[in-house]
Protein chains: 2
Amino acid sequence: MNEFVEQFKSLGDATRMKIIRLLCEARKDLCVCEIMDALEVSHCNISRHLKILKTAGIVEERKEGRWVHFSIANPESTFHKNLLLAIGNLPAELFTAEIERLKLRLSLREDGKCVDGLKSEKWMAALKLIRAENINRYDKRRMQDRR
Amino acid sequence: MNEFVEQFKSLGDATRMKIIRLLCEARKDLCVCEIMDALEVSHCNISRHLKILKTAGIVEERKEGRWVHFSIANPESTFHKNLLLAIGNLPAELFTAEIERLKLRLSLREDGKCVDGLKSEKWMAALKLIRAENINRYDKRRMQDRR
DNA sequence: TTCACGTATTCACTTATGTGCATATAATAG
DNA sequence: CTATTATATGCACATAAGTGAATACGTGAA
């Protein structure tokens with residue numbers, strides 16, 4: 001019983017919900033630094049959130065040297081499945097920025113692997129590009145909203 | 001987004017999960033005192049838990065004089081539906097005692113309505129009966145487990 | 001071996017959340 | 001009108017949970 005309560009609790013946080021959604025959207029393992037960059041949350045908090053999710057059985061990890069790859073855990077119960085469905089079926093608009101950043105971040109991978117780690121200048125540069133783009137979009141949307 | 005986080009949070013508590021399961025099992029409105037007796041939790045805590053669930057949109061209320069009847073809110077989203085499915089599909093064994101007490105409590109209704117309110121002697125008497133029954137069952141089960 | 005790096009954890013702090021007890025509010029009965 | 005009743009809420013407190021900054025741990029590279 002408490003395991004189920006724990007699963008609800010583990011998802012009752014916006015950052016952790018976003019992490020799960022990103023893992024669902026990516027359909028592949030993600031490492032801490034990729035999630036960190038996509039969500040723009042400090043690495044230690046991502047690490048902690050992932051620990052909570054792992055303890056609750058929502059995600060699992062695979063170590064490869066110093067790298068740790070996280071993925072959605074195979075559901076052991078219909079309960080777990082329903083929770084994943086709940087998050088997976090939320091409107092994509094709620095996660096637009098995060099998903100966009102994740103895609104960009106994943107595009108930096110080489111041979112399907114994260115090579116950039118923390119404080120990547122490549123990432124900062126890529127981020128500047130989409131930020132400029134988003135500001136343009138934002139301005140256009142504001143102009144339209146005023147009509 | 002925060003409404004969905006709120007829904008997860010509202011269900012991330014054992015008492016509130018049980019409340020929802022009871023409402024699902026009963027398939028009818030329940031008042032605070034019925035839930036209180038079934039879960040053996042103080043009335044003020046049940047009232048507070050119900051408020052949290054109502055605020056989150058999980059349950060809704062219908063007032064009838066001084067009586068307030070709570071029921072599962074009609075799902076406004078597949079998210080909400082999936083959460084209800086998750087709880088509704090949990091094994092019944094997790095809620096055996098609570099469901100049993102609820103059935104007993106509901107059997108005290110007259111004309112389909114709760115008439116006993118708080119501190120009902122009828123309820124205390126009924127409770128003693130099933131407690132004696134359960135102790136017998138418990139003893140039998142322990143005897144079997146030792147074989 | 002030392003240094004760099006990805007991730008995990010500690011420390012200190014703030015905020016959130018749960019409970020018991022007492023009280024308040026609104027509706028009903030006498 | 002007063003007393004009773006079902007439910008809601010305030011107060012005080014303890015515990016849980018979240019964060020930033022700093023540090024620790026384990027692995028890999030030089």
Side-chain angles (χ1 to χ4, degrees), chain A residues 2 5-19 29-37 39-56 59-71 105 108-109 113-123, chain B residues 2 5-19 29-37 39-56 59-71 105 108-109 113-123:
Chain A
N2 286 334
V5 173
E6 189 185 1
Q7 288 193 7
F8 271 134
K9 269 190 185 170
S10 71
L11 297 171
D13 175 83
T15 303
R16 293 200 287 277
M17 259 183 70
K18 289 174 186 172
I19 287 172
D29 295 356
L30 300 178
C31 61
V32 174
C33 47
E34 283 169 333
I35 298 171
M36 173 189 91
D37 286 335
L39 296 185
E40 299 192 320
V41 171
S42 66
H43 100 265
C44 63
N45 280 322
I46 294 294
S47 184
R48 267 186 297 216
H49 285 311
L50 284 166
K51 177 170 181 179
I52 289 163
L53 290 168
K54 187 181 66 167
T55 301
V59 304
E60 62 195 5
E61 66 177 33
R62 174 175 59 84
K63 288 188 184 181
E64 203 174 324
R66 73 182 111 168
W67 301 86
V68 185
H69 303 286
F70 288 88
S71 59
R105 187 64 170 73
L108 307 185
R109 283 187 170 191
K113 298 187 176 183
C114 174
V115 295
D116 285 280
L118 307 176
K119 297 174 182 174
S120 154
E121 295 190 348
K122 238 163 85 187
W123 170 245
Chain B
N2 285 334
V5 173
E6 190 185 1
Q7 288 195 6
F8 270 136
K9 270 189 183 172
S10 71
L11 297 171
D13 175 84
T15 302
R16 293 201 286 278
M17 258 183 69
K18 289 173 184 172
I19 288 172
D29 295 355
L30 300 176
C31 61
V32 173
C33 47
E34 283 169 334
I35 298 172
M36 173 191 89
D37 285 334
L39 297 184
E40 300 192 319
V41 171
S42 66
H43 99 265
C44 61
N45 280 322
I46 294 294
S47 183
R48 267 188 294 219
H49 284 310
L50 284 166
K51 177 170 181 177
I52 290 164
L53 290 168
K54 187 181 64 168
T55 302
V59 303
E60 62 194 4
E61 67 178 31
R62 175 176 58 86
K63 288 190 182 180
E64 202 175 321
R66 72 182 116 177
W67 302 86
V68 185
H69 303 285
F70 289 87
S71 59
R105 187 64 170 74
L108 307 185
R109 282 187 172 192
K113 297 186 178 183
C114 175
V115 293
D116 285 281
L118 307 178
K119 298 174 183 174
S120 155
E121 296 192 349
K122 242 163 83 187
W123 169 244

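In what follows, chains carry the letters A, B, and so on, assigned in the order in which the sequence lines appear, proteins first and then strands, with residues in each chain numbered from 1. Computed from a predicted model, the values in this text were never measured in an experiment.
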Quiz item: Base, sugar-phosphate alone, or nothing: which one does B/Cys31 contact when heavy atoms must sit under 4.0 Å apart?
Solution: sugar-phosphate
Quiz item: Between D/dA16 atom P and A/Asp13 atom CG, what is the distance in whole Å?
Solution: 18 Å
Exercise. Would you mind reading off the distance between B/Leu50 atom CG and D/dT7 atom C1', rounded to a whole angstrom?
Key: 10 Å
Quiz item: Between B/Val115 and B/Lys122, what is the shortest heavy-atom contact and its length?
Solution: CG2-NZ, 4.5 Å
Practice problem: Using whole Å, report how far NZ of A/Lys9 lies from C1' of D/dA16. | Solution: 7 Å
Quiz item: Is any side-chain nitrogen or oxygen of B/Asn45 closer than 4.0 Å to OP1 or OP2 of C/dG20?
Solution: yes
Self-check item: For the student: nearest non-hydrogen atoms of B/Val41 and B/Met36, plus distance
Solution: O-CG, 2.9 Å
Quiz item: Between C/dT10, C/dT28, C/dT7, which nucleotide has the shortest distance from any of its atoms to the side chain of A/His43?
Solution: C/dT7
Quiz item: Base, sugar-phosphate, or nothing for B/Glu61, non-hydrogen atoms under 4.0 angstrom?
Solution: sugar-phosphate
Exercise. Would you kindly compare A/Arg48 and A/Glu64 by the position of their nearest DNA chain D nucleotide and give the one closer to the 5′ end?
Key: A/Arg48
Exercise. Counting heavy atoms from C-beta on, name the nucleotide in C/dT19, C/dA8, D/dG26 closest to the side chain of B/His49.
Key: C/dT19
Quiz item: From C/dG18, D/dT5, D/dA8, pick the nucleotide closest to the side chain of B/Arg66?
Solution: D/dT5
Quiz item: Which pair of non-hydrogen atoms, one from B/Gly12 and one from A/Phe8, has the smallest distance, and what is that distance?
Solution: CA-CB, 3.6 Å
Practice problem: Measure the spacing between CD1 of B/Ile19 and CD1 of B/Ile46 and express it to the nearest 0.5 Å. | Solution: 4.5 Å
Exercise. Would you classify A/Lys63 as touching base, sugar-phosphate or nothing, given that sugar-phosphate means primed atoms plus P, OP1 and OP2, and contacts are heavy atoms under 4.0 Å?
Key: nothing
Exercise. Quickly work out the A/Arg109 CZ to C/dG6 P distance and round it to whole Å.
Key: 14 Å
Quiz prompt | Of the listed nucleotides D/dT5, D/dA29, D/dT7, the one nearest the side chain of B/Cys33 | solution = D/dT7
Exercise. Among C/dC21, D/dT19, D/dG20, find the nucleotide with the atom closest to the side chain of A/Thr15.
Key: D/dT19
Quiz item: Please give, in whole Å, the distance from C/dA27 P to B/Lys113 NZ?
Solution: 16 Å
Quiz item: Can you name the nearest heavy-atom pair linking A/Trp67 to A/Cys33, along with the distance?
Solution: CZ3-SG, 4.0 Å
Quiz prompt | Residue met sooner reading DNA chain C from 5', once A/Lys51 and A/Asp116 are mapped to nucleotides | solution = A/Asp116
Exercise. Provide, to the nearest angstrom, the distance between the CZ atom belonging to A/Arg62 and the C1' atom belonging to C/dT7.
Key: 15 Å
Quiz item: Taking B/Glu61 for the side chain and B/Phe70 for the main chain, is one N or O donor matched with an acceptor at less than 3.5 Å?
Solution: no
Self-check item: Euclidean distance, atom CD of residue A/Glu40 to atom P of D/dT19 [Å, nearest integer]
Solution: 15 Å
Self-check item: A/Val32 side chain, from C-beta outward: closest of D/dG20, C/dT17, C/dA8
Solution: C/dA8
Self-check item: Between P of C/dA8 and CG of A/Leu118, the distance in whole Å
Solution: 11 Å
Quiz item: So, is B/Ser47 near the phosphate of D/dA8, with a side-chain N or O under 4.0 Å from OP1 or OP2?
Solution: yes
